[in-house]
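Sequence lines set the chain letters: A, B, ... in the order given, protein chains first and strands last, and positions in each chain run from 1.
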Amino acid sequence: MTLVPGSTPWLLRHEALLYWRERPKGLGSNTALVLFLVLLHLVGLLLAWTWSHASPLPDSAAPAALTSAALGLLFLMIARSLVRAVQVLYTRGDFDLLLGSPLPAHRFMAARGAVIAIAVTVEVGILIWPFANAFALFGHPAALKAYLLVPTLGLLATSVGLILTLLLFALCGPRRTRVIGQVLSAIIAIGFTVSLQIANMLNGPSKHGAFNQGVWGNTAFAIDDPMYAPARVWLAGNAVPLLLLLVMAALLALTIRQVGERFLTAAIASSGVTATRSRRPAITELRFAGTPRRVLIRKEIRLIVRDPWLLTQILQQCVAVLPLAVVAWSHSRNGLPLIWGTDIYLCGFLSSSLSWLTLVAEEVPELLATAPLARDQIVRAKLAAALWPIAPLALLPAVALFGSHPWFGICVSVCAAGAAVSCALLNVSEQAPAKREDFRARTRAKPLRGFIELGIVVSWSLLCWGLVWLGRAA
Amino acid sequence: MNDAPLALAVRDLRKSFGRPAVDGIDLSIRPGEFYGLLGPNGAGKTTTLRMVAGLLKPDVGRIEVFGVDVQREPIAAKRLIAWLPDEPLLYNKLTVAEYLEFIAGLWGMEPARAERNARELLKRLELWAHRDERCEGFSRGMKQKAVLAGALIHEPKLLILDEPLTGLDAGIARQVKDLLLERARSGCTIILTTHILEVAERLADRIGIIASGKLLAEGTLAELRTTAGDAGGTLEDVFLRLVGAGTGSAIEPASPLATPQALPP
């Protein structure tokens, strides 16, 4: 089908093409995507089969589960749409080209807003729809309503994301919107997920499973509670969900119409603005003192500490450990504070991130290649730069548990240090330099690496468990 | 006979990326010489210089910098060289002072000497007032000046500049050119590639012209005129004639009628 050049569908196709080509390599390749979908379907089929052979849930569980899941998905999608909207503001940098063309500006915004909605919907839908298919195959055709539910939530989330981005821009200005947007999206996505898990976990383990407990069942909330109304409407029939989808599409169109002009103004204002303000001229004297190793370490730490976006990304990883920490906290055994075990996870993944930044994402590799230093010298200094900031974290269990559980503390510290060093060494073999902007996408681009890192951390955790067990046995 | 080693001796240098990029180049550059390396896009200038700087390994050939073999003793050779490509090698999140401290540290300079050199260079390039500002807020010209200061702080004996004046305004370009001439007069050997032929004509003691990976001609401007058979020609005329002959393309120097002065009112 030939689209009229300059029309909204034509622009939409252009935007969709850019979105498709900007996806990370590796997991984003067509074969990997197909394999991933097949895998999800297999998992979904297994789950659906188990479900169909399990004892039925109470009637109250369905609306409660649907409401909770929909809210969780909505928050996740708002976080994603916020990130995408901020990216549109900062990273494309093609507004000068678009606005210099004779096409009306509202068309670009319509196309761009629609692609954000599509992107957010597809990113979440790809994780949900295989399960819907599997449940439909095992006699739950209502699960196919996910094909309406996810786009509905995607449209709503995009509207909210666009408005939030503009609010941030108005409140924080162009310099800070990117960083604060990232932080906010992390808080929305992780904070909500964590809060749901905490609510479940704090109820403790149950023979009947989580669905009969806490927010899922009728013990904490009455089923007639107004908060379940959307889920009950959703379960009523097919027409209402379809109507809801159309309403959300209209809402997004209205939002784009209302905020599009301001969004474009914000995008233009943000072009050429660096994320942080340059320091004002100081009156310091020059004080040079450094061996090659020292200046390399200092340089790496400065570059990380001065990049708020990177710091946000690293902090997100730290926050992601919270669910694990809550599980460990609520399952302490034999008087051992198992929460300290999460230190191994934290040290491993932090070290992986920092060493990726220092070793792989060197900003000026040519400068180091022309410096009179052997590669080993450079690599050792960069490893040190990645590992020094983690050292206190690795030592903390040994120090904190010295009085109460000294052997446990030492084991955790040793294994945390081991995990940190092992994960850092993984990056030494990485030959191709990368850009710091690809920090988020680095594991998606190389999923095998992510699995290896996970394997390393799990291995060190198991070793720690074994050492503790040996210590107790002795 | 003078037994002092050449600042740069390149013999039968070859590098291929599927097709030959550098095809048997020989260069002999004396200490303290300002050498201009000219050629059309894709001629092999940058590849040649990247091999000299130790960033690329040649397929065949030998490179010596002040008698030090670049391939056998890369670290000793790198101590003598500074490499300045067309895109500034700069960390945007560092201040200029921190950047210079970093470079001085990499080259293992004694701190007091590094501070003195940094102060001189920053003042000379009018960056002193900006020494504690991060480079991310700098214009391209300021970035290029900061990078030049970084290249000069460790007192290299051989300075290699690949298109150092690209994108600079006239004032900054003048500052850079003056500083380079000053360094050449004080004994630093400089190799410069540029597409601005006037710059090479004004600065270089000798000029080499390469095309398709081969050195077509080399010498002073007068010697190049003789080689090209164009006694009164400008460097542009000579360059176009030699490159045209060397590549087999019919590039002819512009006739006087085509110059703006000769156009009818």
Side-chain angles (χ1 to χ4, degrees), chain A residues 175 178-179 272-311 357-358 361-378 381-382 385 433 435-437, chain B residues 50 53-56 73-85 87-119 122 128-138 147 150-151 153-154 156 160:
Chain A
R175 287 179 194 279
R178 185 181 176 201
V179 175
V273 174
T274 49
T276 51
R277 195 182 296 275
S278 292
R279 283 174 59 196
R280 287 184 181 167
I283 45 163
T284 55
E285 261 308 311
L286 299 176
R287 277 184 214 287
F288 290 2
T291 58
R293 178 184 160 84
R294 201 167 157 191
V295 292
L296 268 165
I297 292 175
R298 202 185 286 179
K299 183 269 283 184
E300 295 298 347
I301 291 173
R302 276 174 176 156
L303 292 187
I304 293 170
V305 168
R306 289 177 186 176
D307 194 329
W309 180 79
L310 276 181
L311 286 179
L357 287 170
T358 59
E362 164 61 43
E363 278 183 37
V364 195
E366 276 200 2
L367 178 62
L368 296 186
T370 55
L373 297 172
R375 184 173 182 268
D376 285 357
Q377 264 180 293
I378 297 173
K382 284 171 167 271
K435 289 182 179 173
R436 294 192 163 222
E437 301 91 88
Chain B
R50 285 173 68 83
L55 291 167
L56 275 178
E73 300 171 81
I75 295 190
K78 284 172 182 177
R79 278 192 201 288
L80 307 170
I81 303 174
W83 158 254
L84 201 118
E87 281 302 315
L89 300 175
L90 205 56
Y91 297 96
N92 281 328
K93 298 280 177 198
L94 293 187
T95 67
V96 193
E98 288 164 353
Y99 175 69
L100 295 184
E101 181 195 9
F102 177 63
I103 306 269
L106 287 185
W107 262 260
M109 286 191 77
E110 193 255 318
R113 199 166 116 210
E115 282 168 23
R116 195 180 60 238
N117 286 357
R119 196 174 295 113
L122 290 174
W128 181 248
H130 304 282
R131 65 190 181 277
D132 285 324
E133 286 177 40
R134 290 187 200 168
C135 300
E136 63 191 347
F138 283 6
V147 173
I153 192 170
H154 58 89
I160 304 171

Legend entry - chain A contact via B/Trp107 - side chain, backbone, both or neither, heavy atoms under 4.5 Å: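 Both backbone and side chain.
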Legend entry - Side chain, backbone, both or neither of B/Pro88 within contact of chain A (heavy atoms, under 4.5 Å):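 Neither part.
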Legend entry - Interatomic distance, A/Leu373 atom CG to A/Leu296 atom CG [nearest 0.5 angstrom]: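 CG of A/Leu296 is found 6.5 Å from CG of A/Leu373.
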Legend entry - Non-hydrogen atoms of B/Leu55 and A/Ala369 that approach each other most closely: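 So the minimum-distance heavy-atom pair works out to CD2-CB, 3.3 Å.
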Inset, instruction - Can you tell which part of A/Arg294 gets under 4.5 Å to a heavy atom of chain B, answering side chain, backbone, both or neither? - result: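 Looking at A/Arg294, nothing touches chain B.
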Legend entry - Toward chain B, the part of A/Thr291 with a non-hydrogen atom under 4.5 Å: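 Backbone only.
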Inset, instruction - Pick whichever of A/Pro292, A/Ala371, A/Pro365 has the most heavy-atom pairs under 4.5 Å with chain B. - result: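 Heavy-atom pair counts peak at A/Ala371.
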Legend entry - Best-contacting candidate, B/Leu80, B/Ile81, B/Leu90, against chain A by heavy atom pairs under 4.5 angstrom: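 Looking at each of B/Leu80, B/Ile81, B/Leu90 in turn, B/Leu90 comes out on top.
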Inset, instruction - Please check if any side-chain donor atom of B/Glu136 sits under 3.5 Å from a side-chain acceptor atom of B/Tyr91, or the reverse. - result: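 Result is no, nothing qualifies.
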Legend entry - SB check A/Glu362 A/Arg375 (cutoff 4.0 Å):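 No, no charged N to carboxylate O under 4.0 Å.
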Legend entry - Lys/Arg N to Asp/Glu carboxylate O, B/Arg50 vs A/Glu366, below 4.0 Å: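 Salt bridge: yes.
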